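Report on the following structure.
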Amino acid sequence: MELFINGEKVNIPNEVKTVAMLLQHYQLDQKVVIVELNEVILEKAQHQETRVTDRDKIEIVHFVGGG
Amino acid sequence: MLKIGHYEFTSRLLLGTGKYPNFDIQKEAVAVSEAEILTFAVRRMNIFEANQPNFLEKLDLQKYTLLPNTAGAKTADEAVRIAKLAKASGLCDMIKVEVIGCQKTLLPDPIETLKASEELLKEGFIVLPYTSDDVLLAKRLEELGCHAIMPGASPIGSGQGIVNPLNLSFIIEQSRVPVIVDAGIGTPSDAALAMELGADGVLLNTAVSGANDPVKMAKAMKLAIEAGRLGYEAGRITKKRYATASSPMEGMSIG
């Protein structure tokens, strides 16, 4: 499956079916990250149930140092 | 006590988390500053380097209130999106609205700041807009319902200190919500002056992170803000043109 994550085209195994599984795939499941799927911001509780499908546009953001 | 929305804080120093030499120094600087509010930015993650260290993970989040900013936004819509992303972390409901209108001066765009603040208030955020030292704009932001007003002392990261103490004092006098002087602070005396003018708090980053010894500067800022606040509460003497003796003139044993 082809996804666009943070503006980059990436290939993901088809076993990855949900946002939670996608985060596990990238070993981000224990991190503080926020996910936006096709311009819809997801609450953390929605990660388990939200499905990812071919050609989805995903943003994965986090907190960095700033003033 | 500094009250912002439903929050109460003992410390009046709000500390930024950008540009420290390393995480160890940063952690110690944060600790000695005794700041309770820490600002962060929201950025894309490098998903291919999941193990890169992140300062947030090194903090006891029970001890700190996160104040994410909308830095990077040039429009109200961009700021609102960044704020919503930050809130979706489930870690915070406060937002520093920062909509930059000029890349050279990094001065805030007043109209977009006002629009973003209005929208975020409707969405239930605790809204702290970073604004210029314009007195009427500060008033308009307060009238919208912003929970604190954060006028800049001088351009972000410039270390020029308070370039317009008169405007700042007008903003402080008129405001019924906390006024936090944000940006441009260079030295402890700048921070103390802000507090002596009656500011409710000071937000700074580069003054500490860019100092030769950030940990020592963090301590200096903490003390300066406490000293400035105490001075404000104590009430300064009025300035006089000529001297007034401190020692009595009666009972002199000469003449």
Side-chain angles (χ1 to χ4, degrees), chain A, chain B residues 14-20 23 26 30 38-57 59 61 66-72 80-92 96 98 106 130 156-157 182-185 203-210:
Chain A
M1 166 172 54
E2 198 173 84
L3 299 176
F4 295 90
I5 304 182
N6 291 353
E8 282 190 53
K9 198 192 315 184
V10 291
N11 281 302
I12 303 290
N14 286 331
E15 303 89 84
V16 173
K17 303 218 179 297
T18 65
V19 169
M21 287 164 88
L22 180 69
L23 293 179
Q24 271 171 18
H25 175 74
Y26 284 110
Q27 297 176 310
L28 299 173
D29 46 312
Q30 299 302 316
K31 302 266 177 182
V32 175
V33 296
I34 307 115
V35 181
E36 188 187 60
L37 175 70
N38 299 327
E39 296 180 11
V40 178
I41 297 167
L42 303 176
E43 300 293 326
K44 208 174 173 187
Q46 296 173 284
H47 290 183
Q48 288 288 348
E49 76 219 28
T50 306
R51 298 187 71 82
V52 288
T53 50
D54 195 40
R55 303 193 73 77
D56 274 346
K57 270 176 63 186
I58 295 170
E59 290 283 322
I60 302 178
V61 302
H62 66 157
F63 291 111
V64 300
Chain B
L14 293 75
L15 195 60
T17 58
K19 300 187 295 183
Y20 286 78
F23 283 151
Q26 182 169 11
V30 168
L38 300 177
T39 63
F40 285 90
V42 177
R43 289 292 178 271
R44 276 178 171 170
M45 181 157 205
N46 182 350
I47 52 169
F48 303 109
E49 283 182 49
N51 289 323
Q52 61 186 336
N54 182 295
F55 184 65
L56 196 75
E57 291 166 3
L59 289 175
L61 292 178
L66 305 187
L67 177 57
N69 64 37
T70 64
V80 168
R81 174 173 171 262
I82 296 170
K84 286 180 177 174
L85 283 167
K87 197 177 182 187
S89 69
L91 296 176
C92 46
K96 167 178 163 176
E98 178 176 345
L106 297 181
Y130 163 61
I156 294 172
D182 178 6
I185 297 293
L203 196 168
L204 52 87
N205 186 341
T206 312
V208 166
S209 66

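Below, chain A is the first sequence line, B the second, and so on; all start at residue 1. Only a predicted model underlies this, so the values are computations on that prediction, with no experimental measurement involved.
- Side chain of A:N6 to main chain of B:M45: a donor-acceptor pair is present (N/O by atom type, distance under 3.5 Å, no hydrogens or angles).
- Between A:V64 and B:T17, the shortest heavy-atom contact is O-OG1, 4.2 Å.
- If you tally non-hydrogen atom pairs under 4.5 Å between each of B:K84, B:K19, B:R81 and chain A, the highest count goes to B:R81.
- Proximity to chain B (any heavy atom under 4.5 Å) is shown, for A:I60, by both the backbone and the side chain.
- Within the 4.5 angstrom heavy-atom criterion, only side-chain atoms of B:F48, from C-beta onward, approach chain A.
- Put simply, the residue from A:E8, A:E36, A:E59 that forms a salt bridge (Lys or Arg N to Asp or Glu O under 4.0 Å) with B:R44 is A:E59.
- Contact of B:L91 with chain A is made through the side chain alone, with heavy-atom distances under 4.5 Å.
- Of the options A:L22, A:V33, A:L28, a side chain to side chain contact (heavy atoms under 4.5 Å, CB included) to B:I47 is made by A:L28 and by none of the others.
- At a 4.5 Å heavy-atom cutoff, B:A183 makes no contact with chain A through either its backbone or its side chain.
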> What do the steps show when you test A:H62 against B:N54 for side-chain contact (heavy atoms from CB on, under 4.5 Å), and what is the final call?
Replying inline: CA-CA 9 Å; A:H62 66 157; B:N54 182 295; 3.2 Å; yes

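- Of all heavy-atom pairs spanning B:A86 and A:F63, the tightest one is O-CZ, 3.7 Å.
- Contacts of B:K96 with chain A are made by side-chain atoms alone, with heavy-atom separations under 4.5 Å and no backbone atom involved.
- In terms of heavy-atom pairs under 4.5 Å with chain B, the best-connected choice from A:A45, A:G66, A:G7, A:G65 is A:G66.
- Proximity to chain B is absent for every atom of A:L23, based on heavy atoms less than 4.5 angstrom apart.
- Taking B:S209, B:G16, B:A41 one by one and counting their heavy-atom pairs under 4.5 Å with chain A, the maximum is reached by B:A41.
- With a 4.5 Å cut-off on non-hydrogen atoms, B:L56 touches chain A through its side chain but not through its backbone.
- Heavy atoms closer than 4.5 Å to chain A are found nowhere in B:Q26, neither backbone nor side chain.
- When A:Q27, A:E43, A:E39 are compared by the number of non-hydrogen pairs under 4.5 Å with chain B, A:E43 comes out ahead.
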